[in-house]
Amino acid sequence: MREAILKVFRGTPVEAGKFITYKVPVEEGMVVLDAIHYIQGYLDPELSVRWNCKAAKCGSCSAEVNGDPSLMCKTRMDQFAEGEEITIEPIKTFPLIKDLVTDVSFNYEVNKQIPPFCPADDATWIFKQEDIDRVQEFRKCIECFLCQDVCHVLRDHERKDAFWGPRFFVRSAGVEMHPLDCGNRIPLLEEQGGLGFCNITKCCTEVCPEEIHITDNAIIALKERVVDEYHDPLAALLRRVFKGK
Amino acid sequence: MNQTTTSPVPAKLGATSRSNAWLIEPAVIFCGFALFVCYVTWRALYDWQYIEWGPYLSPFFSPKLIFPGWQWSPAILLLWEPAAFRATCYYFRKAYYRALFLDPPACAVGHLGGHKYTGENRFPLILQNVHRYFLYLALTVLALLWVDAFVACSYRGHIRIGVGTVVLTVNCLLLSFYTCGCHALRHLVGGRLKCFSCSTAAHGQFKIWQCVTRLNERHALWAWTSLGTVAFADFYVRMLAAGVWTDISLLQL
């Protein structure tokens with residue numbers, strides 16, 4: 001049986017991290033998460049990993065496989081060449097808890113800042129599919145936080161103090177574009193969410209396992225709404241003229 | 001089990017655990033930009049005497065501006081607009097933030113650090129937000145280029161389709177795909193609405209938004225192909241004007 005060589009990051013916040021190399025037998029249809037489970041079961045029961053569904057729907061097993069932010073349950077072992085070392089590291093943007101497990105609580109704190117969906121009291125709860133298509137794309141998000149991990153504003157510039165990250169622009173766009181929503185989150189996105197820090201490098205879109213067009217459909221759409229309100233004198237003039245009528 | 005002590009990758013330029021060829025994309029884009037900028041600079045500033053041949057006008061020099069006393073290249077008066085439109089374009093922003101600013105050079109690859117990152121919040125990058133105004137101008141320029149392509153269908157009072165007509169028309173077509181797939185246009189024609197079916201006007205805007213969205217899905221493709229065709233259209237006209245090439249007539253009535 002073919003054997004894969006896995007270099008797995010091991011460490012905690014208090015001890016220096018290290019890579020430990022394991023040899024794992026590869027079976028047909030195996031994914032990286034299976035290999036990690038094999039290590040836990042047969043080689044090293046103390047290896048820590050967060051996982052849940054193993055079906056690319058819970059978003060728990062995010063890691064960096066050969067440096068690519070990916071879901072371990074969606075990364076097939078047969079894509080690696082025989083003898084190739086497969087490096088598995090925790091997602092880099094969030095504080096390490098142990099081995100492949102990180103503390104992603106930053107995301108839940110950001111989530112609390114987004115005003116929820118607010119329909120009008122007399123809203124008619126019937127709308128057409130064409131009105132909800134955009135929102136449904138954003139609702140596919142499984143909160144794996146790979147987009148947060150790869151976003152260089154959080155990852156390299158470490159601006160968690162001023163920037164919500166792509167996941168929360170997607171969530172904001174999902175409520176902001178809902179046909180029944182009456183809220184306006186644009187000032188909040190500009191002033192508190194740090195939308196202006198995004199420089200459209202599109203890495204969030206590249207890593208999204210749900211293939212959500214994060215940049216084109218959510219972030220740029222929100223940026224254009226910010227332009228409407230903050231940077232477009234012509235739009236401001238038209239708003240004033242038509243509000244007056 | 002083997003053990004090697006290594007900590008996770010630090011954030012310095014190029015630092016990454018990625019084992020694939022991540023450098024190819026920014027390198028190719030860098031070369032593409034460099035090639036185009038060198039060619040445009042040479043044509044606009046040093047080789048601007050060849051701007052037209054017969055019914056063909058180079059897109060770099062359209063519309064044809066001739067002022068008494070103006071002794072410099074007319075391209076100086078014209079090229080700032082498409083340059084500004086492309087420089088503020090959401091696709092090209094991605095391309096040059098990666099390939100030129102190295103911020104970051106590729107996904108999950110260490111960036112060019114050592115600066116206080118302010119994104120697009122401060123001058124000069126806050127000016128990216130005026131993209132829609134350059135779009136309005138780009139649509140005007142595009143209309144003028146279509147007029148040039150139409151004019152290129154006749155020569156000395158006769159209808160004549162030459163290779164140059166095809167070159168100018170294909171260029172206009174690709175520029176139209178690029179300009180009409182613009183993210184700002186997508187927002188303006190309907191993307192800004194919350195509800196597409198709430199009125200007849202909104203539904204009409206939805207239909208236009210759908211068309212712009214179709215083009216927008218391939219925005220990068222149109223961006224590069226139109227950049228290539230606009231340079232080639234100029235080069236073709238230049239070679240005709242310099243007498244190096246001869247235009248082949250495909251149809252003459």
Side-chain angles (χ1 to χ4, degrees), chain A residues 7 9 11 16-22 43-44 64 66-69 84-85 87 89-90 92 96 127-128 130-131 149-150 152-153 155-159 163 176-181 194 196-203 206-207 213 215-216 220-221 223-228 230-232 234, chain B residues 1-9 11-12 16-20 22 90-91 93-94 97-98 101 103-104 106-111 113 116-122 125-133 136 183-184 186-188 191-198 203 206 210 213 216-217 219:
Chain A
K7 275 178 71 182
F9 179 82
K18 55 188 180 287
F19 284 100
I20 298 186
T21 305
Y22 303 93
L43 304 175
D44 195 344
E64 299 192 5
N66 278 352
D68 284 318
E84 180 183 352
E85 277 193 344
T87 309
E89 294 167 90
K92 184 174 173 284
L96 182 68
F127 41 80
K128 291 195 172 177
E130 67 197 34
D131 289 323
D149 174 50
V150 81
H152 76 118
V153 183
R155 184 186 180 94
D156 296 331
H157 296 290
E158 302 185 83
R159 293 308 307 266
F163 184 68
E176 200 59 28
M177 293 181 194
H178 195 290
L180 299 185
D181 182 73
F197 280 102
C198 171
N199 68 346
I200 324 287
T201 41
K202 274 195 155 180
C203 289
E206 285 186 21
V207 301
H213 296 89
T215 324
D216 291 312
I220 294 176
K223 271 182 166 267
E224 283 298 313
R225 288 169 190 229
V226 167
V227 175
D228 282 343
Y230 287 85
H231 305 293
D232 185 350
L234 191 62
Chain B
M1 266 190 283
N2 273 330
Q3 210 167 287
T4 48
T5 21
T6 323
S7 51
V9 180
K12 62 179 182 185
T16 184
S17 304
R18 282 180 64 173
S19 53
N20 52 8
W22 59 266
Y90 284 101
Y91 165 70
R93 272 143 84 172
K94 170 202 160 185
Y97 284 138
R98 284 195 191 189
F101 292 14
D103 200 6
C107 304
V109 174
H111 66 144
K116 189 176 184 297
Y117 182 76
T118 54
E120 296 181 341
N121 287 314
R122 298 278 180 271
L125 294 181
I126 197 168
L127 295 177
Q128 306 281 27
N129 290 307
V130 298
H131 181 54
R132 62 179 62 172
Y133 286 91
Y136 304 145
H183 290 86
R186 187 177 178 227
H187 170 78
L188 293 165
R192 65 198 160 77
L193 299 174
K194 278 202 182 211
C195 180
F196 288 139
S197 66
C198 295
H203 191 69
F206 170 64
Q210 277 185 311
T213 298
N216 181 265
E217 285 163 2
H219 200 46

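Sequence lines set the chain letters: A, B, ... in the order given, protein chains first and strands last, and positions in each chain run from 1. All values reported here derive from a predicted model rather than from experimental measurement.
Between B/Y117 and B/H111, the ring center distance fails the sub-6.0 Å criterion.
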* Asked: Under the side chain to side chain donor-acceptor pair (under 3.5 Å) criterion, do A/H213 and B/E217 qualify, and how do the steps go?
  -> CA-CA 10 Å; A/H213 296 89; B/E217 285 163 2; over 6 Å; no
Can B/S17 and A/E64 be said to form a side chain to side chain donor-acceptor pair (under 3.5 Å), step by step? CA-CA 8 Å; B/S17 304; A/E64 299 192 5; 5.6 Å; no
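Of the atoms belonging to B/Y91, not a single heavy atom falls under 4.5 Å from chain A. Heavy-atom distances place no part of A/E158 under 4.5 Å from chain B, backbone and side chain included. In this structure, no portion of A/L180 lies under 4.5 Å from any heavy atom of chain B. Proximity to chain A (any heavy atom under 4.5 Å) is shown, for B/H219, by neither the backbone nor the side chain. Only the backbone of A/H178 has a heavy atom closer than 4.5 Å to any heavy atom of chain B. Looking at A/D149, neither its backbone nor its side chain comes within 4.5 Å of chain B, counting heavy atoms on both sides. The parts of B/D103 that come within reach of chain A are both its backbone and its side chain, each placing non-hydrogen atoms under 4.5 angstrom from that chain. For B/Y90, the parts sitting under 4.5 Å from any heavy atom of chain A are the backbone and the side chain alike.
The most heavy-atom pairs under 4.5 Å with chain A, out of B/T118, B/V130, B/L125, B/I126, come from B/T118. Between chain A and the residues B/R122, B/R93, B/R186, B/K116, the largest count of heavy-atom pairs under 4.5 Å involves B/R186. Ranked by heavy-atom pairs shorter than 4.5 Å toward chain B, the options A/G194, A/G11, A/C203 are led by A/C203. Interface summary for chain B: among A/D216, A/T87, A/V226, A/V150, the most heavy-atom pairs under 4.5 angstrom belong to A/D216.
The ring-ring contact (aromatic ring centres under 6.0 Å, His included) test applied to A/H231 returns no partner, not counting sequence neighbours. Not a single disulfide bond (SG atoms under 2.5 Å apart) links A/C198 to another residue, sequence neighbours left out.
The shortest side-chain heavy-atom distance between B/C195 and A/D131 falls under the 4.5 Å cut-off.
Side-chain atoms of B/R18 come within 3.5 Å of backbone N or O of B/C107 as a donor-acceptor pair.
In summary, B/R132 and A/E224 engage in a salt bridge, as defined by a charged side-chain N under 4.0 Å from a carboxylate O.
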